[in-house]
*Asks:* 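Have a look at this one.
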Amino acid sequence: MPVASVVPERLDAPGTHALVIGVSVYRHVLDAARQSVRGRDFAIEPLDSAARTAHRVASWLLARDYDAPLPPLASLRVLLSPQPGEIDTAAQDPRLANAPAATRANVREALRDFRKACESHRDNHAIVYVIGHGAQITKHGALLLLEDFASDDHDNLLDGALDVVDVHQALQNAAAARQQCWFVDVCRQHVDVDRALERLIGGIRLDKKPGNVEASPLFLAAMSDTQAFALRDGHSLLCDALIWALDDAAAARGPRTGLGQWHVPFGSLYEVLPQRVRELALSHGVEQFVEVGGVANPGVFHVYRDHPQVAVSIVVEPAAAQPLARLDLSDSRRRPVFSSTQWPATTRVRAGLYTIEVTATTRYQPYWLLVDFAPPRCEHHVVLEP
């Protein structure tokens with residue numbers, strides 16, 4: 001049975017087609033309720049945030065404000081294998097309430113229909129986010145282990161795994177969506193798994209077709225032989241970094257990107273995602289390094305209907321002037337937006353041009369400057385002259 005799109009599928013015009021998979025439950029591995037003969041050798045612990053993370057990404061896509069020049073969301077296939085209580089059903093979008101499990105059979109069906117959708121129009125865009133336990137059998141590969149991984153009903157051990165890198169390569173053809181963005185949020189090493197897999201080949205794959213696409217970055221949450229992390233009762237570090245980037249931090253506009261509207265170009269994701277993931281990892285006492293591959297050409301992931309937000313911090317020097325100084329911030333039309341006598345003065349404003357005015361007693365000269373505030377943050381030092 002086909003895995004239906006959670007939004008009405010449209011294939012007669014350019015659209016954005018998305019596939020999201022999250023696996024927290026593993027039925028057949030060591031100590032699982034339905035442990036298999038094959039699974040006895042795999043000491044994989046169940047996850048408690050992978051399905052929640054995938055659910056968050058899918059929710060963002062459903063709530064996303066698409067605008068020209070991006071094609072609208074034309075299909076979204078979501079497969080989730082959550083732990084009991086992992087996803088807050090009271091708060092979830094009802095369209096995600098009955099997402100099918102991320103089993104081999106369901107993933108194969110979803111992948112088939114996702115490919116058909118991606119190849120329905122050359123001007124399509126595509127988004128893929130997968131998360132769960134992972135492994136690799138080649139230095140540049142990445143496997144997502146599915147819910148029924150290690151089932152004795154499968155002919156081969158890796159029948160229950162998705163070869164995400166191979167599928168990414170298969171979607172690089174002349175008929176496929178011309179702009180794509182892939183996120184593979186899995187570990188790429190696990191001692192017990194890798195010892196068993198190093199002589200094996202397999203995983204769900206797709207036939208290759210000739211041709212190329214315009215852009216298709218591939219963000220691997222972990223480098224070869226390293227781990228990807230998530231917060232217990234939270235989301236993965238890659239997901240947190242991605243949502244942070246999409247909310248405001250990766251916003252750009254202007255001649256450098258070729259688009260006047262505020263938007264998130266692929267180039268910004270290349271810059272901010274690896275750095276943000278590393279910062280988040282270090283804040284929790286671990287290391288995680290994102291590996292970027294694929295076709296790294298210019299492309300656009302998201303366009304804002306409104307201006308993104310900027311975290312602004314303004315400091316007055318010398319320190320002796322601070323008790324005497326007042327900040328007045330006004331927008332490009334000279335409308336007041338923020339005032340403060342506390343230093344540093346901090347606020348959040350829409351990205352754009354602002355006038356900074358700082359006045360003090362007659363002991364200091366007034367200060368005036370036009371500043372372009374751009375995401376994610378802007379710190380400005382005001383030096384008052386006697």
Side-chain angles (χ1 to χ4, degrees), residues 237 240-285 287-290 292 298 300-386:
L237 300 190
D240 281 347
L242 177 61
I243 299 300
W244 171 83
L246 296 177
D247 279 349
D248 299 311
R253 70 171 178 178
R256 185 173 68 88
T257 64
L259 190 63
Q261 293 170 272
W262 283 101
H263 63 288
V264 177
F266 289 163
S268 289
L269 293 180
Y270 300 146
E271 293 174 12
V272 304
L273 274 187
Q275 179 181 350
R276 183 62 173 174
V277 168
R278 186 162 189 268
E279 289 173 353
L280 291 172
L282 289 174
S283 72
H284 293 283
E287 286 192 332
Q288 182 173 333
F289 300 94
V290 173
V292 182
V300 176
F301 188 90
H302 176 46
V303 174
Y304 298 91
R305 289 189 181 274
D306 197 0
H307 289 212
Q309 295 288 304
V310 183
V312 175
S313 177
I314 299 175
V315 179
V316 160
E317 299 173 353
Q322 293 179 3
L324 311 173
R326 171 189 170 90
L327 165 71
D328 288 291
L329 194 65
S330 55
D331 65 17
S332 58
R333 297 183 181 181
R334 302 291 293 173
R335 295 174 300 193
V337 297
F338 178 69
S339 297
S340 178
T341 56
Q342 302 297 315
W343 306 100
T346 59
T347 186
R348 288 180 65 83
V349 298
R350 297 167 74 242
L353 290 171
Y354 290 84
T355 299
I356 296 175
E357 293 184 78
V358 178
T359 55
T361 63
T362 54
R363 181 178 169 187
Y364 294 96
Q365 298 294 321
Y367 179 96
W368 183 97
L369 187 67
L370 185 65
V371 178
D372 189 5
F373 290 149
R377 60 182 65 89
C378 184
E379 183 173 310
H380 189 77
H381 287 257
V382 173
V383 178
L384 295 182
E385 300 290 344

*Asks:* Working to the nearest 0.5 Å, report the span between OG1 of T346 and CZ of F338.
*Replies:* 6.0 Å

*Asks:* Could you go through Q365 and L384, starting from their C-alpha distance and side-chain angles, then the distance that decides it, and tell me whether this counts as side-chain contact (heavy atoms from CB on, under 4.5 Å)?
*Replies:* CA-CA 6 Å; Q365 298 294 321; L384 295 182; over 6 Å; no

*Asks:* Compare all side-chain heavy atoms of Y304 with those of Q261 and state whether any distance is below 4.5 angstrom.
*Replies:* no

*Asks:* What is the distance from atom CG of L327 to atom CD of E357, rounded to the nearest 0.5 Å?
*Replies:* 9.0 Å

*Asks:* For the CZ atom of R253 and the CH2 atom of W262, what is their distance to the nearest 0.5 Å?
*Replies:* 5.0 Å

*Asks:* How close do T359 and P366 get, heavy atom to heavy atom, and via which atoms?
*Replies:* CG2-CB, 4.3 Å

*Asks:* Taking all atoms of both residues into account, what is the closest heavy-atom pair of L269 and P274, and its distance?
*Replies:* O-CD, 3.7 Å

*Asks:* Would you check if the side chain of W343 reaches a backbone N or O of Q322 as a donor-acceptor pair within less than 3.5 Å?
*Replies:* yes

*Asks:* Should F373 and L329 be marked as a side-chain contact (heavy atoms from CB on, under 4.5 Å) after you check the CA-CA gap, both sets of side-chain angles, and the distance that decides it?
*Replies:* CA-CA 12 Å; F373 290 149; L329 194 65; 4.0 Å; yes

*Asks:* Taking all atoms of both residues into account, what is the closest heavy-atom pair of W244 and R377, and its distance?
*Replies:* CZ2-NH2, 4.2 Å

*Asks:* Could you tell me the separation between the OH atom of Y354 and the OG atom of S330, rounded to the nearest 0.5 Å?
*Replies:* 10.0 Å

*Asks:* Working to the nearest 0.5 angstrom, can you tell me the gap between Q342 CD and R326 CZ?
*Replies:* 12.0 Å

*Asks:* Of all the heavy-atom pairs spanning A250 and V272, show the shortest one and how long it is.
*Replies:* CB-CG2, 3.9 Å

*Asks:* Is there side-chain contact between R348 and V310, with heavy atoms separated by less than 4.5 Å?
*Replies:* no

*Asks:* Between Q309 and P375, which heavy-atom pair has the shortest distance, and what is it?
*Replies:* O-CB, 4.0 Å

*Asks:* So does I314 get a backbone contact from the side chain of H381, meaning a donor-acceptor N/O pair under 3.5 Å?
*Replies:* no

*Asks:* If I compare all heavy atoms of H284 with all of L280, which pair ends up nearest, and what's the gap?
*Replies:* CD2-O, 3.1 Å

*Asks:* Any chance you could measure L237, atom CG, to L242, atom CG, to the nearest 0.5 Å?
*Replies:* 12.5 Å

